[in-house]
Amino acid sequence: MKNNLLLILPFIALILFGACEPKPSSKELFNNDWQFTISDASFEEVQQLEQWEAVSLPHSAVIEPKIVNDQWQGICWYRKSFQLPATAKGQRVILRFEGAMNVSEYWVNGQKVKEHLGGYLPAVFDFTEAANFDGENIIYVRLDNTDNPVTGPKPLKILDFNMYGGLYRDAWLMIKNPLHITDPLLASKTASGGVFVTYPEVSKESATVQVQTHVANQGSKAKSFNVLNEIWKDDQLLSSQLSLKTSLDTDTDTEVISRLTLENPALWSPDSPSLYQLKTKIVVNGKVLEEENTTIGIKYLAFENGKLVLNGDNLFLRGVNRHQEYPYVGYALSNEAQYRD
């Protein structure tokens with residue numbers, strides 16, 4: 001009996017202490033398996049509608065002809081049924097819609113969780129309190145792209161471009177450990193939220209990269225952690241810094257500031273748009289709890305004596321204008337096509 005107990009003790013310890021291990025955060029595309037309809041029905045009425053079209057995101061509400069003279073404006077709906085992964089239990093669950101034109105409203109499992117004005121900035125919301133972690137969830141999204149005096153830009157009839165409707169950019173499901181790097185829009189703090197990068201000192205010989213990481217603890221216990229920042233280029237680690245250990249009480253947040261130095265940096269300019277990858281990680285007991293990747297370009301930009309100066313040299317700009325619409329696709333242009341343009 002004693003020998004048997006000794007055999008099972010490691011497994012009991014694994015169960016007990018494994019359950020206490022913090023779960024890492026994750027982020028995945030939320031673009032597939034949507035349904036769509038054009039209707040001005042109320043939320044209560046639209047749930048009874050039977051005619052829905054299967055779509056994926058990005059999506060434009062109406063496919064217009066190449067020459068548009070009477071563009072559609074109105075109200076449309078999207079809905080999606082989904083299950084949360086088992087790892088989501090005990091975590092915060094957040095949805096982020098990169099583009100929802102133009103006024104949008106969101107319901108999860110019958111509960112209204114968000115209203116958002118404007119289709120150019122993302123709509124982000126935490127739906128943890130409305131989520132079903134053990135079964136099916138359903139989200140409804142109502143969009144209205146009619147003329148709006150608050151969001152603008154102007155009444156459609158006097159615009160020189162079209163105002164398409166739809167969930168026209170990527171959507172993301174983010175599962176966050178209660179201790180996490182915040183979403184900058186959800187945090188809603190001036191010059192803060194998420195990973196905020198500045199360049200206090202820049203020259204061709206050396207550059208200082210300041211990384212301000214906004215971390216929140218929405219858990220039921222105080223947490224201690226470090227923030228690790230790394231600068232990479234072409235799969236090569238160039239600089240890193242691990243912060244001092246920081247402690248956060250429950251329902252509090254803080255900003256952790258790190259400064260990294262690069263010797264002989266490849267500075268960003270229109271003629272040489274050099275980029276680096278910044279990896280920001282929350283580390284708890286030696287394990288990475290979350291990682292945010294940020295593409296950065298190191299530069300010094302200022303107005304001096306009435307002239308625009310970039311990296312110590314005068315820069316002359318000639319303005320251009322690019323609308324985000326495309327024939328037959330509307331606003332729902334792929335990321336690859338956006339990059340090509």
Side-chain angles (χ1 to χ4, degrees), residues 29-32 34-41 46 52-80 95-106 114-125 139-172 183-185 188 268 270 273 275 295 297 301 308 310 315-341:
L29 277 172
F30 201 62
N31 287 353
N32 295 331
W34 285 88
Q35 294 181 306
F36 169 78
T37 189
I38 292 177
S39 172
D40 60 359
V46 81
W52 293 82
E53 174 188 357
V55 301
S56 60
L57 308 185
H59 181 259
S60 281
V62 172
I63 300 299
E64 303 282 4
K66 186 173 183 179
I67 306 300
V68 185
N69 292 315
D70 55 348
Q71 192 215 323
W72 175 83
Q73 288 183 283
I75 296 169
C76 62
W77 289 84
Y78 292 82
R79 72 177 182 185
K80 175 175 176 169
L95 279 169
R96 180 183 175 104
F97 292 86
E98 299 291 351
M101 191 60 72
N102 173 44
V103 176
S104 55
E105 300 173 69
Y106 304 84
K114 177 73 174 180
E115 293 183 9
H116 184 76
L117 292 175
Y120 296 110
L121 289 178
V124 188
F125 55 87
I139 179 173
Y140 282 84
V141 182
R142 181 188 187 271
L143 297 180
D144 182 352
N145 77 325
T146 56
D147 296 340
N148 188 292
V150 176
T151 65
K154 297 177 183 177
L156 182 64
K157 65 181 180 180
I158 60 174
L159 278 179
D160 64 343
F161 60 91
N162 297 309
M163 189 74 166
Y164 290 88
L167 294 175
Y168 70 96
R169 293 177 183 160
D170 289 333
W172 299 91
D183 181 279
L185 290 175
S188 190
W268 183 95
L275 298 174
T295 301
L301 189 66
L308 180 62
L310 175 64
L315 178 66
F316 175 75
L317 291 181
R318 180 179 287 110
V320 295
N321 189 10
R322 173 190 176 267
H323 293 307
Q324 62 178 2
E325 66 192 65
Y326 204 81
Y328 308 120
V329 180
Y331 283 169
L333 206 57
S334 68
N335 293 329
E336 292 76 12
Q338 300 277 15
Y339 182 81
R340 177 199 63 197
D341 277 5

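Along the sequence shown, residues are numbered consecutively beginning with 1. Everything quoted here is computed from the prediction, not taken from an experiment.
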Separation between CG (L333) and OH (Y339), nearest 0.5 Å, reads 15.0 Å
Mind checking whether W172 and E98 have side chains closer than 4.5 Å, heavy atoms only?
yes
Intermediate values then yes/no, salt bridge (charged side-chain N to carboxylate O under 4.0 Å, His left out), R142 and E105:
CA-CA 5 Å; R142 181 188 187 271; E105 300 173 69; 3.3 Å; yes
Would the distance check show the side chain of R169 and the main-chain N or O of Y120 forming a donor-acceptor pair, the cut-off being under 3.5 Å?
yes
Check: Y106 ring centroid to Y140 ring centroid under 6.0 Å:
no
When rounded to the nearest 0.5 Å, the distance separating CG of D144 from SG of C76 is 8.5 Å
Is there a donor-acceptor pair closer than 3.5 Å between any side-chain N or O of S334 and the backbone N or O of A337?
yes
Honestly, is R79 close enough over W52, meaning NZ or CZ under 6.0 Å from the six-membered ring centre and within 45° of the axis?
yes
Can you tell me if CG on D70 sees more than 12 non-hydrogen neighbours from other groups inside 6.0 Å?
no
Is there a donor-acceptor pair under 3.5 Å between the side chain of Q35 and the backbone N or O of Y78?
no
Looking only at heavy atoms, what is the nearest atom pair of H116 and P122, with distance?
CE1-O, 3.3 Å
Look at the side chain of W77 and the backbone N and O of A41, then say whether any donor-acceptor pair between them is shorter than 3.5 Å.
yes
Can you name the one residue among N148, T146, V150 that meets side-chain contact (heavy atoms from CB on, under 4.5 Å) with V103?
N148
Could you tell me whether the side chains of N162 and E325 share a donor-acceptor contact shorter than 3.5 Å?
yes
Look only at the side chain of K80 and the backbone of N32, and say whether a donor-acceptor pair between them is shorter than 3.5 Å.
yes
Closest heavy-atom contact between M163 and G152?
CE-O, 3.9 Å
Counting N and O atoms only, with roles assigned by atom type, does the side chain of N102 sit under 3.5 Å from a partner on the main chain of G119, one being a donor and the other an acceptor?
yes
Could you check, using the six-membered ring where one of them is a Trp, whether Y168 and H59 have ring centers closer than 6.0 angstrom?
no
Roughly how far apart are F97 CZ and F30 CZ, rounded to 0.5 Å?
6.0 Å
Say you draw a straight line from CZ of F161 to CG of N321; how long is it, rounded to the nearest 0.5 Å?
8.5 Å
Strictly distance-based, threshold 3.5 Å: is any side-chain N or O of S60 a donor or acceptor partner for the main-chain N or O of V62?
no
Is there a side chain to side chain contact (heavy atoms under 4.5 Å, CB included) between Y164 and E64? Walk through the geometry before answering.
CA-CA 9 Å; Y164 290 88; E64 303 282 4; 3.6 Å; yes
Output the distance between atom CG (L117) and atom OG1 (T151), rounded to the nearest 0.5 Å.
7.0 Å
Establish, yes or no, whether the cationic atom of K66 lies under 6.0 Å from the six-membered ring centre of Y328 and within 45° of the ring axis.
no
Which distance, rounded to the nearest 0.5 Å, do you find between the CG of L29 and the CG of L57?
9.5 Å
Return yes if a side-chain donor-acceptor contact under 3.5 Å exists between N335 and D170, otherwise no.
yes
Test item: P58 and V329 side chains (from C-beta on) under 4.5 Å apart, heavy atoms:
no
Please step through side chain to side chain contact (heavy atoms under 4.5 Å, CB included) for the pair I75 and L143, ending with a clear verdict.
CA-CA 6 Å; I75 296 169; L143 297 180; over 6 Å; no
Please list all pairs passing the salt bridge (charged side-chain N to carboxylate O under 4.0 Å, His left out) test where one or both residues lie in residues 147-163, with sequence neighbours left out.
none
